[in-house]
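What follows is a single structure, written as structure tokens, with notes after it.
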Amino acid sequence: MARLIRDLATPTAPAPLNYREVGATARDLLPADYHHLHHTVRVGRGREVFETAGAAVTTWRMHRSSGAQLRSRAVRAEPGAFVEVSMGLGPVRFAAPCEVIWTAYEKDRIGFAYGTRAGHPERGEESFVVDLHPDGSVWFTVTAFSRPARWYTRLAGPLVPVLQHAYARHLGRTLRRAVAG
């Protein structure tokens with residue numbers, strides 16, 4: 001049991017990416033043999049909401065406001081930035097080391113994707129993007145592909161994608177609250 005707690009709680013140092021399909025979330029076709037996640041939610045309306053939401057996503061505020069702990073030396077998402085997201089209860093935390101793979105700082109699109117590094121419970125990539133549509137509506141999209149990389153995520157089996165979808169919905173609600181107040 002002590003090894004399990006240490007394995008789940010010990011922060012990991014930067015390590016190589018643990019998957020081959022780097023950058024796939026920037027394309028329309030996600031790789032086969034992974035669980036796919038695509039969640040889109042409207043977070044508001046107008047340029048100010050778009051800019052506020054984009055800043056919350058790319059400066060880690062959305063993740064931190066969601067209840068996750070996030071460590072990064074980078075002030076905002078930039079390719080190559082190391083990010084470690086962790087969640088858990090008390091001393092038992094699941095550390096998820098990642099690297100920012102791509103960013104979008106465009107007129108009507110702001111966001112980034114990070115890929116999993118060795119030591120992450122999963123293998124794959126996840127993007128967080130805010131779009132301003134021509135009608136003025138602002139949308140937040142989480143796109144991901146992943147598969148288990150550790151014994152405990154393999155053991156959890158079909159529960160992992162359910163939890164990932166729940167967390168994506170939680171991030172959408174978190175971002176909606178961030179732009180509302």
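Counting heavy atoms from C-beta outward, Leu175 and Val57 have side chains that approach closer than 4.5 Å. The shortest distance between side-chain heavy atoms of Arg123 and Ser146 does not fall below 4.5 Å. At least one side-chain heavy atom of Val130 sits under 4.5 Å from a side-chain heavy atom of Phe50.
Considering every non-hydrogen atom in both Asp135 and Ser137, the closest pair reads OD1-OG, 2.6 Å. For Glu125 against Ala24, the heavy-atom pair with the smallest separation is OE2-N, 3.3 Å. Contact detail for Val43 and Val179: the closest heavy-atom pair is O-CG2, 3.3 Å. Between Ser86 and Ala95, the closest heavy-atom pair is CB-CA, 4.0 Å. Looking at every heavy atom in both residues, Pro121 comes nearest to Thr153 through O-OG1, 2.7 Å. The heavy-atom pair separating Arg109 from Asp131 by the smallest distance is CG-OD1, 3.3 Å.
Leu29 belongs to no hydrophobic cluster with other residues, because no ILVMFWY side-chain heavy atom falls under 4.5 Å from its own, directly or through intermediates.
Within 6.0 Å of atom CD in Glu48, 12 or fewer heavy atoms from other residues, nucleotides or ligands are found, so the atom counts as exposed in its surroundings.
Stacking of Arg76 on the aromatic ring of Phe112 is not recorded, the 6.0 Å distance cut-off and the 45° axial limit not both being met.
Residues Asp108 and Arg47 are paired through a salt bridge, judged by an N-O separation under 4.0 Å between the basic side chain and the carboxylate.
Met87 and Val160 sit in two unconnected hydrophobic clusters of ILVMFWY residues. Membership requires side-chain heavy atoms under 4.5 Å apart, directly or through other members.
Checked against salt bridge (Lys or Arg N to Asp or Glu O under 4.0 Å), Glu51 has no partners two or more places apart in sequence or in another chain. In this view, Trp102 and Thr25 satisfy the side-chain hydrogen bond (donor to acceptor under 3.5 Å, both in side chains) rule, not counting sequence neighbours. Residues forming a salt bridge (Lys or Arg N to Asp or Glu O under 4.0 Å) with Glu21 (at least two apart in sequence, or on another chain): none.
Within the structure, side chain to side chain donor-acceptor pair (under 3.5 Å) contacts touching residues 54-67 (residues at least two apart or in different chains) are His63-Tyr114, Ser66-Tyr167. Listed by first and then second residue, the ring-ring contact (aromatic ring centres under 6.0 Å, His included) pairs that reach into residues 18-38 are Tyr19-Phe145, Tyr34-Phe145, sequence neighbours excluded.
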